[in-house]
Amino acid sequence: MTRNKVYVLPGTMCNRRLWEALSCELDHQIELVHCEIPDAENLDELCEKLFNSIVVDLVRSNQAPNTPFNLLGFSMGGYLAAYIASKHPHQVKRLFVVANSPTQLLADELLSRQAVLSIIEGNGYGGISVKKAHGLIDRASELGSASIVDTIQLMDRELGEIALINQYRCTNERINLLPQLLTLNIPIYFYYSKEDKLINHRWYQKLDQTHLNEHVYKACGSGHMLPLEKPKELAALVNSWLTYPVDDYIMS
């Protein structure tokens, strides 16, 4: 039986380790295809490289290059997934945005990124601290905070300074994608924590006034690293998303 592929885009300084806990919770017929974040000069080039890598994988799987595909993104990857869907609306079959509000970065987050880049330019990158890693997760995480912090730091070390600089510089300048998302005729799911400080909650308040509010799901707590913290809850939503009939959108 053919496996149901989901192309997954990671967050800042995350690699395929991000999906391990989630993959274990999913049905064996669901395959998560991790997409590495490529080097690029700007957001458009970054997203086109990601899109082209998915098309290459489709062709390798003996599918037509224009075959619609399932796309899920976490954090930065959630924005990239939404951006790709807005640029290629006829090729994204389903869209799932995890721990992200597809709009401009919050002012505090943008200032923090700029400060990090300034520090790196002067002193190099020493890696994400335990304190900052703890700040990304909720105290009541399913898998234990120590294990998750270890994974965050390991992914960060494996990717390194150059990756961080590239990811920050390419994705700092963002636009509000709500108008584009409202035009998409596909199932779109959103999942984030109620108290996540990296989420633009005002953006979701605006989304709640539209038809996209049908599939907005909120986790308890402040955790940002939901694929690591709440893999069972996320897996249940992924199963729902993949079984939601696309034909209902096509016919509407």
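Inter-residue side-chain proximity for Ile152 and Asp156 is flagged as unmet; no heavy-atom pair is nearer than 4.5 Å. A heavy-atom distance below 4.5 Å is not found between the side chains of Phe69 and Lys5. The shortest distance between side-chain heavy atoms of Met13 and Gln167 falls below 4.5 Å. Contact check for His134 versus Ser145: side-chain heavy atoms found under the 4.5 Å cut-off. Contact annotation: the side chain of His224 approaches that of Phe74 to within less than 4.5 Å [non-hydrogen atoms, C-beta and beyond]. Using a 4.5 Å heavy-atom cutoff, the side chains of Leu58 and Gln91 are in contact. Residues Cys170 and Leu43 have side chains not in contact (no heavy-atom distance under 4.5 Å, counting atoms from C-beta outward). When side chains are defined from C-beta on, Trp19 counts as touching Pro10, because their heavy atoms get closer than 4.5 Å.
The neighbour count for Ile162 CD1, taken as heavy atoms of other residues, nucleotides or ligands under 6.0 Å away, does not exceed 12.
Placement of Ile165 and Ile119 in two distinct hydrophobic clusters is found when ILVMFWY residues are connected by side-chain heavy-atom separations under 4.5 Å, directly or transitively. Linking Ile, Leu, Val, Met, Phe, Trp and Tyr whenever their side-chain heavy atoms come within less than 4.5 Å puts Ile175 and Leu182 in one cluster. Note: the hydrophobic cluster containing Val130 also contains Ile128 (ILVMFWY, side chain heavy atoms under 4.5 Å, direct or indirect links). Neither Leu110 nor Tyr168 shares a network with the other; the hydrophobic side chains, linked directly or stepwise wherever heavy atoms of I, L, V, M, F, W or Y lie under 4.5 Å apart, form separate groups for each.
By the 4.0 Å N-to-carboxylate-O rule, Glu173 lies too far from Arg113 to be salt-bridged with it. Using a cutoff of 4.0 Å between basic side-chain nitrogens and carboxylate oxygens, Glu158 and Arg17 are scored as salt-bridged.
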Pair Leu117-Asn172, side-chain contact (heavy atoms from CB on, under 4.5 Å): steps then yes or no: CA-CA 11 Å; Leu117 288 175; Asn172 277 349; 4.2 Å; yes
Worked verdict on Glu121 versus Arg169 for salt bridge (charged side-chain N to carboxylate O under 4.0 Å, His left out): CA-CA 13 Å; Glu121 288 177 3; Arg169 287 181 173 166; 3.1 Å; yes
Residue pair Thr171, Tyr79: steps toward the side-chain contact (heavy atoms from CB on, under 4.5 Å) verdict: CA-CA 9 Å; Thr171 64; Tyr79 185 86; over 6 Å; no
CA sep, side-chain torsions, deciding dist, call: Leu159, Leu164, side-chain contact (heavy atoms from CB on, under 4.5 Å): CA-CA 8 Å; Leu159 289 171; Leu164 178 62; over 6 Å; no
Audit row: Lys132, Ser129, side-chain contact (heavy atoms from CB on, under 4.5 Å) steps and yes/no: CA-CA 5 Å; Lys132 185 169 183 179; Ser129 67; 3.4 Å; yes
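Side-chain N or O atoms of Glu109 include none that pairs as donor or acceptor with a backbone N or O of Leu105 at under 3.5 Å. Side-chain N or O atoms of Glu36 include none that pairs as donor or acceptor with a backbone N or O of Asn15 at under 3.5 Å. Glu48 places no side-chain N or O within 3.5 Å of a backbone atom of Asp44 that could act as its donor or acceptor partner. Side-chain atoms of Ser112 do not come within 3.5 Å of backbone N or O of Asp108 as any donor-acceptor pair. Thr210 places no side-chain N or O within donor-acceptor distance of the main-chain N or O of Lys206, the cut-off being under 3.5 Å. A donor-acceptor pair is defined here as one N or O able to donate and one able to accept, closer than 3.5 Å; such a pair exists between the side chain of Ser86 and the backbone of Tyr83. Judged by distance alone, with hydrogens and angles left aside, the side-chain atoms of Glu31 form no donor-acceptor pair with the main-chain N or O of Asn4 at under 3.5 Å. Panel note: side chain Trp241, backbone Leu72; no donor-acceptor pair is recorded below 3.5 Å.
Of the inter-residue distances, the one linking Leu106 atom CG with Arg202 atom CZ reads 10.0 Å to the nearest 0.5 angstrom. In this structure, Lys218 NZ and Lys194 NZ are separated by 7.5 Å, a value rounded to the nearest 0.5 Å. With rounding to the nearest 0.5 angstrom, the CD1 atom of Ile199 is 6.0 Å from the CG atom of Asn100. For the atom pair Leu226 CG and Asp196 CG, the distance stands at 7.0 Å (nearest 0.5 Å). Between Cys47 atom SG and His88 atom NE2 the span is 8.5 Å, to the nearest 0.5 Å. Atoms CG and CG, on Leu181 and Leu207 in that order, are 8.0 Å from each other to the nearest 0.5 Å.
Residues Pro65 and Val59 share a closest heavy-atom pair of CB-CG2, 4.0 Å. Heavy-atom minimum distance, Pro102 versus Trp203: CD-CH2, 3.3 Å. Across Glu25 and Ala235, no two heavy atoms sit closer than the pair CB-CB, 3.6 Å. Annotation for Ser193 and Cys220: closest pair OG-O, 4.4 Å, computed over non-hydrogen atoms. Leu9 and Ala81 make their closest contact through CD1-N, 3.6 Å (heavy atoms, listed as atom of the first residue, atom of the second, distance). Scanning all heavy atoms of the two residues, the minimum distance from Leu228 to Met155 falls at CD1-CE, 4.4 Å.
For Asn200, there are no side-chain hydrogen bond (donor to acceptor under 3.5 Å, both in side chains) partners at least two apart in sequence or on another chain.
Aromatic ring centres of Tyr204 and Phe190 lie closer together than 6.0 Å. The six-membered or imidazole ring of His201 lies near that of Tyr192, with a centre-to-centre distance under 6.0 Å.
Between the side chains of Asp138 and Ser222, at least one donor N or O lies within less than 3.5 Å of an accepting N or O. Side-chain contact, Thr67 with Lys93: no donor N or O sits under 3.5 Å from an acceptor N or O. For the residue pair Tyr7 / Ser53, no side-chain donor-acceptor distance below 3.5 Å is found, with atom types taken as modelled. Defined by atom type and a distance below 3.5 Å, a donor-acceptor pair is present between the side-chain atoms of Tyr191 and Glu233.
For the pair Arg94 and Tyr244, the NZ or CZ position fails the cation-pi test of under 6.0 Å to the six-membered ring centre and within 45 degrees of the ring normal.
Of the candidates Asn70, Leu22, Leu18, Leu22 is the only one forming a side chain to side chain contact (heavy atoms under 4.5 Å, CB included) with Leu32.
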